[in-house]
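Note sheet for the following structure.
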Amino acid sequence: MAEILKTEALVLRKINFGDSSNIGSFYSRDLGKISAIIKGARSPKSKMGKIADVLNRVEIVIYKKESREVQLISQIDLVSHYPSIKDDLDKLKYASAILELINEFVLENETNDKLYRGTTKILDMINANSQPLFLFSKYFIFFINQIGFEIEFEKCQSCEKQLNGKTKVGFNYEAGFYCPECSNDHLISFEFSAELFELLICLSSKRNDCSLNDNYLKKIVIFLEKFLIYHMPEFKGLQSLKMF
Ligand SMILES: [Zn+2]
């Protein structure tokens with residue numbers, strides 16, 4: 001039995017298939033991450049082939065058979081092609097890193113409405129605003145929470161003292177944050193100055209008044225990358241951030 005399904009999706013990847021087709025990898029709102037064939041996509045006359053470009057937000061109609069690993073696409077319409085991201089190398093770098101996170105960590109066919117909405121919202125914001133590194137850092141924390149590795153910022157993991165961004169703290173990949181006193185007695189994998197920790201707390205909140213500093217933001221991105229590598233050793237870090 002086959003069914004016809006319509007869903008919104010982001011194009012994550014596109015590879016050649018056969019003489020004239022593509023296989024697209026999509027992150028969709030209603031079906032999670034899926035792969036599907038776009039027949040004839042490489043023909044110069046194919047409209048669908050052009051619309052199914054990496055990073056585009058599209059609406060797809062899928063002819064879905066449970067027994068098939070790769071589904072068939074019967075229609076694609078464009079929702080947004082994020083022109084301002086594609087025109088700006090810095091924006092493109094961070095938008096590509098977002099797609100890379102989805103590619104690496106989201107399981108096939110696993111739906112998460114909050115993650116889908118958060119992802120399209122941040123791409124809309126990167127497209128419209130001028131702070132891609134700041135927006136990506138916020139997204140990275142949100143993403144880590146959504147895939148189930150919540151980082152607790154509020155209290156010391158040993159003595160349970162409140163941590164507030166007024167003192168330096170230490171982080172252990174296994175246990176979490178330690179206050180300055182407890183940091184002396186535990187293995188510390190990453191040290192945070194008071195300012196760096198305050199920025200991390202601000203990024204993880206809904207506040208929009210974080211005092212931004214590119215060097216600090218880059219340090220936080222490196223910290224989050226190392227945190228993921230520690231928990232998922234097969235992950236080799238975000239290639240998009242090295243490529244640009
Ligand atoms: Zn403590």
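This chain uses plain numbering: 1 for the first residue, then up along the sequence.
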Quiz item: Under 4.5 Å between any side-chain heavy atoms of Thr7 and Tyr116, yes or no?
Solution: no

Quiz prompt | Tyr63 OH: over 12 foreign heavy atoms closer than 6.0 Å | solution = no

Practice problem: Indicate whether any N or O donor in one side chain lies under 3.5 Å from an N or O acceptor in the other, for Glu110 and Asn112. | Solution: no

Quiz item: Between Ile122 and Leu135, what is the shortest heavy-atom contact and its length?
Solution: CD1-O, 3.6 Å

Exercise. Working to the nearest 0.5 Å, report the span between NZ of Lys91 and CD1 of Ile126.
Key: 8.5 Å

Practice problem: Carefully, step by step, assess Met232 and Glu104 under the rule side chain to side chain contact (heavy atoms under 4.5 Å, CB included). | Solution: CA-CA 10 Å; Met232 302 284 234; Glu104 289 275 343; over 6 Å; no

Quiz item: Checking side chain to side chain contact (heavy atoms under 4.5 Å, CB included) against Leu133, which of Lys138, Lys218, Lys93 comes through?
Solution: Lys218

Quiz item: Do Lys64 side-chain atoms and Glu3 backbone N/O form a donor-acceptor pair below 3.5 Å?
Solution: no

Quiz prompt | Residues Asp30, Leu5; criterion side chain to side chain contact (heavy atoms under 4.5 Å, CB included); working and verdict | solution = CA-CA 9 Å; Asp30 303 316; Leu5 295 163; over 6 Å; no

Quiz item: Does Glu174 reach the side chain of Tyr230, with side-chain heavy atoms less than 4.5 Å apart?
Solution: yes

Self-check item: Shortest non-hydrogen contact from Leu101 toward Phe143
Solution: O-CZ, 3.4 Å

Practice problem: May I ask you to say whether Glu66 pairs ionically with Arg68, meaning some side-chain N is under 4.0 Å from a carboxylate O? | Solution: no

Quiz item: Within the distance-only criterion (no hydrogens, no angle test), does the side chain of Ser21 pair as donor or acceptor with the backbone N or O of Gly40 below 3.5 angstrom?
Solution: yes

Quiz item: Ser240 and Ala97: which non-hydrogen atoms are nearest, and at how many Å?
Solution: OG-N, 3.5 Å

Quiz item: Taking the SG atom of each, are Cys210 and Cys202 under 2.5 Å apart?
Solution: yes

Quiz item: Heavy-atom distance under 4.5 Å between the side chains of Leu163 and Ile201, does that happen here?
Solution: no

Self-check item: ILVMFWY network linking Val58 to Ile23, side-chain heavy atoms under 4.5 angstrom
Solution: no

Self-check item: Within one Ile-Leu-Val-Met-Phe-Trp-Tyr cluster: Phe26 and Ile98, side-chain cutoff 4.5 Å
Solution: no

Quiz item: Distance-only, no hydrogens or angles: does the Arg42 side chain make a donor-acceptor pair with backbone N or O of Asp19 under 3.5 Å?
Solution: yes

Quiz item: Would a 4.5 Å heavy-atom cut-off, applied to side chains only, mark Ile151 and Phe177 as touching?
Solution: yes

Practice problem: Decide if atom NZ of Lys50 counts as having more than 12 heavy atoms of other residues, nucleotides or ligands within a radius under 6.0 Å. | Solution: yes

Quiz prompt | Any side-chain donor near an acceptor of the partner, Lys86 and Asn56, under 3.5 Å | solution = yes

Exercise. Answer yes or no: is there a side-chain heavy-atom contact under 4.5 Å between Glu195 and Glu198?
Key: no

Self-check item: Ser189 to Asn172 - nearest heavy-atom pair and separation
Solution: OG-CA, 3.3 Å

Quiz item: Between Asp53 and His81, does a side chain to side chain contact (heavy atoms under 4.5 Å, CB included) hold up when you go through it step by step?
Solution: CA-CA 8 Å; Asp53 211 5; His81 68 295; over 6 Å; no

Practice problem: Return yes if some donor-acceptor pair links the side-chain N/O of Asn164 with the main-chain N/O of Lys166 below 3.5 Å, else return no. | Solution: yes

Quiz item: side chain to side chain contact (heavy atoms under 4.5 Å, CB included) between Tyr216 and Ser211: does it pass, once the steps are laid out?
Solution: CA-CA 10 Å; Tyr216 281 4; Ser211 90; over 6 Å; no

Quiz prompt | Any donor-acceptor N/O pair, Asn16 side chain to Asn22 backbone, under 3.5 Å | solution = no

Self-check item: Candidate list Phe223, Phe197, Tyr178, test ring pair (Phe, Tyr, Trp, His ring centres under 6.0 Å), partner Phe171, passing option
Solution: Phe223

Practice problem: Over all heavy atoms of both residues, which pair between Asn127 and Ser84 is shortest? Give the atoms and the distance, please. | Solution: O-OG, 2.6 Å

Practice problem: Say whether, by atom type as modelled, one donor and one acceptor occur between the side chain of Lys236 and the main chain of Pro233 under 3.5 angstrom. | Solution: yes

Quiz item: Considering all heavy atoms of both residues, which atom of Ile62 and which atom of Ile34 are nearest to each other, and what is their separation?
Solution: CD1-CD1, 3.1 Å

Exercise. Please find out if less than 6.0 Å separates the ring center of Tyr139 from that of Tyr94.
Key: no

Quiz prompt | Donor-acceptor pair, side chain of Lys14 and main chain of Gly49, under 3.5 angstrom | solution = yes

Practice problem: Please tell me if the side chains of Thr120 and Glu8 come closer than 4.5 Å, counting only heavy atoms from C-beta onward. | Solution: yes

Quiz item: Taking C-beta and beyond as the side chain, do Leu228 and Phe149 meet within less than 4.5 Å on heavy atoms?
Solution: yes

Practice problem: Step through it carefully: locate the ring centre of Phe227, locate the ring centre of Phe190, and say whether they are under 6.0 Å apart. | Solution: no

Practice problem: Please round to the nearest 0.5 Å and tell me the distance separating atom CG of Leu10 and atom OH of Tyr82. | Solution: 5.5 Å

Quiz item: Do the side chains of Gln157 and His186 get nearer than 4.5 Å, heavy atoms only?
Solution: no

